[in-house]
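Written out below as structure tokens is the structure these notes cover.
To find a chain, count down the sequence lines: A is the first, B the second, and so on, and within it residues start at 1.
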Amino acid sequence: MDFIRAIVKDDLAAGRNEGRVHTRFPPEPNGYLHIGHSKAILLNYGIAQEFGGKFNLRFDDTNPEKEETEYVESIKADLRWLGADWEDREFFASDYFDQLYAWAVHLITAGKAFVCSQSLEDVRAYRGTVTEPGRPSPDRERPAEESLRLFEGMKNGEFDEGQYTLRAKIDMAHSNMKMRDPLLYRIRKVHHHRTGDQWCIYPFYDFAHGQSDAIEGITHSICTLEFEVNRPLYDWFIENLPVPHKPRQIEFARLNLTYTVMSKRKLLKLVQEGHVSGWDDPRMPTISGLRRLGYTPSSIRNFNERIGIAKRSSTVDLDLLKWALREELNQTADRVMAVLRPLKVVITNYPEGQVEQIECVNNPEDPASGTREVPFSREIWIEQDDFREEAPRKFFRLKPGAEVRLKHAYFITCDAVVKDPDTGEVVELRCSYDPETRGGDSPDGRKVKGTLHWVSADHAVDAEVRLYDNLFREPFPDQGGNYLDNLNPNSLEVLTGCKLEPGLGGVEPGYRCQFMRQGYFFADPQDSQPGRPVFNRTVTLKDSWAKLEAGGKTG
RNA sequence: UGGGGCGUCGUCAAGUGGUAAGACACAAGGUUUUGGUCCUUGCAUUCGCGGGUUCGAAUCCUGCCGCCCCAACCA
């Protein structure tokens with residue numbers, strides 16, 4: 001059990017919050033959700049579930065300049081996909097603008113807030129530094145009546161942007177910078193995605209967040225580490241306002257992942273500069289990107305269970321995310337045969353025009369998945385990588401004179417290599433098969449080390465296959481300068497003319513399977529259609545042969 | 001630098017005074033009609049470093065070191 005659940009459990013045992021548990025996920029609708037957000041979502045939703053509590057969705061929409069309805073919709077879709085259910089409790093900080101305004105008035109009346117006329121520059125200069133105390137604004141002792149009048153003027157649009165702000169009167173010498181008379185409201189004459197032009201003053205995060213929690217009866221306001229310094233201010237508002245409930249803020253370490261970036265600002269730049277096709281590009285660490293790549297919600301939940309919750313900043317190995325996906329798909333995905341880079345094989349002793357139906361196991365990990373029939377004929381496609389004219393000792397695939405097994409079908413032996421007379425490129429293999437080995441076993445007990453996947457040439461379905469790899473080539477893209485310099489130039493390779501076993505021709509978008517010996521693939525939800533399949537490679541299979549080769553240990 | 005937070009295996013992470021869980025990664029074997037899966041084994045005499053308290057310390061005290069956050073009219 002992590003430290004936050006321990007706190008919740010303890011609160012329950014002590015009878016705090018009337019025995020309630022109520023959490024929330026408070027995204028700002030200024031970008032798409034990413035895998036890092038899934039940690040916060042699953043934590044908050046998970047705690048509500050486990051302790052019989054409730055979970056709210058609340059959009060933190062206090063900055064109209066960056067927020068859009070498109071983001072609101074994408075966030076809701078992603079939350080649903082992850083399985084987080086906020087029932088009918090969908091809120092917006094902007095729902096509380098009236099109450100927040102009233103509370104601001106309350107603070108002014110109590111002499112705890114004032115309207116300040118300092119310029120942006122002066123506010124900054126007077127704030128002091130981390131080692132020096134700040135100085136009070138000349139307006140700090142403005143009479144409450146006057147502040148009240150000015151604040152109303154601000155609300156009514158009588159002033160220009162930047163002319164006035166509302167500030168709390170706390171302590172300009174406080175060692176915590178957040179407590180040096182923080183800004184509560186600013187004038188912004190911009191259209192808000194929900195309140196339209198109703199308001200021209202908008203509350204800041206600090207003045208909106210805790211109070212929104214209080215209004216909703218949130219018991220545990222869980223957020224990330226960088227808000228730790230905001231907590232004294234969070235508590236100050238709760239203590240100095242007549243709020244209906246006192247929530248408690250608890251911070252945990254946000255998720256970082258190797259080979260990617262997680263800040264919305266950086267992701268937005270990737271989108272805007274066209275380094276990716278959009279927020280849902282399969283290479284993006286966004287929820288929508290992972291979904292389109294082929295990830296499952298359960299694998300993301302499983303991943304989150306394994307990384308834990310703690311307070312130390314950390315970066316999780318991307319391999320763990322990939323592992324969580326493989327672990328699930330190994331159990332659930334049907335195995336099919338697809339040749340990505342085709343090489344023609346003619347089985348010279350196989351009768352011309354003959355076609356046999358070969359029975360294939362759908363998933364050896366799941367007997368209930370049954371079998372299917374795949375046509376076999378004289379000409380087939382195999383993977384170019386599965387043939388080497390000059391092969392190292394440990395290369396168990398096809399080479400001149402060698403015998404291998406075609407999965408579920410026959411043993412074949414390579415008799416001759418046909419090359420393009422001009423380029424020397426291998427264009428076709430002439431092989432012979434052993435009719436006694438149908439099904440893949442030899443009656444004389446003869447063993448072969450290699451088993452290849454294949455597709456009958458006459459029956460193959462053509463497809464486009466997109467091979468995705470890490471977006472960045474460095475585990476820490478931010479290290480040493482600009483992350484854009486560390487973009488992986490080979491993050492996407494598009495293959496056309498791939499040869500699929502015929503059953504794959506009519507597959508629906510969103511279909512998931514294992515291309516045997518290659519990886520898990522997903523029929524692209526947007527570009528694939530029955531009759532014209534387009535597959536995304538979600539994740540490769542572990543490849544110990546590639547590892548041997550890379551290590552020079554192929555004999 | 002003032003304040004806040006954190007330092008346990010390559011990466012995450014349990015552990016809260018009784019003598020270092022687990023997962024991923026990695027390595028070596030075995031099984032295998034996917035060089036996949038699966039199985040076996042190995043992988044921190046040590047918990048940032050140094051002192052101290054104690055029969056006993058990753059856990060308590062103390063000094064130091066390192067990393068992260070805060071000086072947006074962002075969240």
Side-chain angles (χ1 to χ4, degrees), chain A residues 1-2 26-28 30 60-63 65-67 116 118-120 123-125 127-134 161-167 173-180 183-188 202 204-206 208-209 223-232 251 253 255 258 264-265 303 305-324 326-327 330-331 335 337 360-361 364-365 394-397 405-409 411 437 439-441 447-453 475 514-519 540-549:
Chain A
M1 178 182 294
D2 60 74
E28 181 188 10
N30 68 341
D60 229 324
D61 57 349
T62 56
N63 183 359
E65 289 170 86
K66 294 182 179 172
E67 296 152 4
C116 180
Q118 282 189 307
S119 67
L120 195 157
V123 169
R124 202 171 280 166
R127 187 144 41 209
T129 70
V130 106
T131 51
E132 304 156 39
E161 289 194 5
Q163 195 173 152
Y164 287 111
T165 59
L166 182 71
R167 295 231 252 163
H174 201 110
S175 54
N176 181 341
M177 301 291 292
K178 297 287 183 192
M179 298 296 270
R180 320 248 262 227
L183 276 58
L184 272 36
Y185 271 91
R186 75 281 217 182
I187 299 173
R188 276 290 171 278
Y202 292 93
F204 282 92
Y205 165 82
D206 286 301
H209 197 84
C223 64
T224 45
L225 244 33
E226 67 270 26
F227 292 100
E228 214 154 18
V229 289
N230 298 60
R231 194 171 64 229
E251 311 85 12
L255 169 68
T258 54
K264 277 198 264 186
R265 204 200 89 241
F303 167 74
E305 277 164 28
R306 298 197 178 251
I307 59 176
I309 302 291
K311 288 197 75 164
R312 80 187 76 136
S313 312
S314 59
T315 302
V316 174
D317 198 329
L318 216 210
D319 279 343
L320 186 60
L321 213 212
K322 295 183 178 181
W323 174 85
R326 289 193 192 107
E327 152 132 300
N330 176 51
Q331 299 297 321
R335 275 64 169 166
M337 294 195 285
C360 297
V361 172
E365 305 297 321
K394 289 187 181 172
F395 185 83
F396 302 144
R397 282 111 96 145
R405 170 170 39 236
L406 295 176
K407 180 76 180 179
H408 290 129
F411 285 9
T437 57
D441 271 316
K447 300 290 183 197
V448 290
K449 297 276 272 183
T451 299
L452 314 186
H453 59 278
Q514 182 195 101
F515 284 0
M516 199 167 288
R517 303 206 301 138
Q518 312 198 77
T540 60
L541 253 29
K542 275 215 279 188
D543 188 348
S544 57
W545 164 248
K547 200 172 286 183
L548 278 183
E549 272 211 303

Figure out the [atom1]/[atom2] separation between [X] and [N], and round it to whole Å.
{"X": "A:Gln331", "N": "B:C38", "atom1": "CD", "atom2": "C1'", "value": "10 Å"}
{"X": "A:Ile307", "N": "B:A23", "atom1": "CD1", "atom2": "P", "value": "17 Å"}
{"X": "A:Phe303", "N": "B:U11", "atom1": "CZ", "atom2": "P", "value": "16 Å"}
{"X": "A:Lys447", "N": "B:U31", "atom1": "NZ", "atom2": "C1'", "value": "12 Å"}
{"X": "A:Phe396", "N": "B:U32", "atom1": "CZ", "atom2": "P", "value": "14 Å"}

Contact class for [X] vs. all strands (heavy atom < 4.0 Å): base, sugar-phosphate, or nothing?
{"X": "A:Leu318", "value": "nothing"}
{"X": "A:Lys407", "value": "base"}
{"X": "A:Lys547", "value": "sugar-phosphate"}
{"X": "A:Phe515", "value": "nothing"}

In whole Å, what separates the [atom1] atom of [N] from that of [M]?
{"N": "B:U8", "M": "B:A71", "atom1": "C1'", "result": "34 Å"}
{"N": "B:G48", "M": "B:G66", "atom1": "P", "result": "16 Å"}
{"N": "B:G10", "M": "B:A27", "atom1": "P", "result": "15 Å"}
{"N": "B:U19", "M": "B:G29", "atom1": "P", "result": "36 Å"}

**OP:** Could you check if the base of B:A71 is syn or anti? Syn means the glycosidic torsion is within 90 degrees of 0.
**Re:** anti

Tell me if the side-chain of [X] makes a donor-acceptor pair with the base of [N], cut-off 3.5 Å, by modelled atom types.
{"X": "A:Arg335", "N": "B:U37", "result": "no"}
{"X": "A:Arg397", "N": "B:G35", "result": "yes"}
{"X": "A:Gln514", "N": "B:U34", "result": "yes"}

**OP:** Determine whether the aromatic ring centres of A:Trp545 and A:Phe395 lie less than 6.0 Å apart.
**Re:** yes

Subject >> Side-chain N or O of A:Arg312 closer than 4.0 Å to phosphate OP1/OP2 of B:C67 >> reply: no

Original post:
Is the phosphate of B:U37, meaning OP1 or OP2, less than 4.0 Å from a side-chain N or O of A:Lys542?
Top reply: yes

Using Watson-Crick or G-U wobble geometry with both distances below 3.5 Å, tell me the partner of [N], or none.
{"N": "B:C43", "result": "none"}
{"N": "B:G66", "result": "B:C6"}
{"N": "B:A14", "result": "none"}
{"N": "B:C38", "result": "B:G30"}

**OP:** At under 4.0 Å between heavy atoms, which parts of nucleotides 68-75 of chain B does protein reach? Answer with one letter per nucleotide, 5' to 3': B base, S sugar-phosphate only, - none.
**Re:** -SBBSBSB

Subject >> side chain to side chain contact (heavy atoms under 4.5 Å, CB included) involving A:Asn330 - partner list, sequence neighbours excluded >> reply: A:Arg335, A:Glu365, A:Tyr520

Original post:
Which residue, A:Arg231 or A:Arg326, contacts RNA chain B at a nucleotide closer to its 5' end, judged by nearest heavy atom?
Top reply: A:Arg231

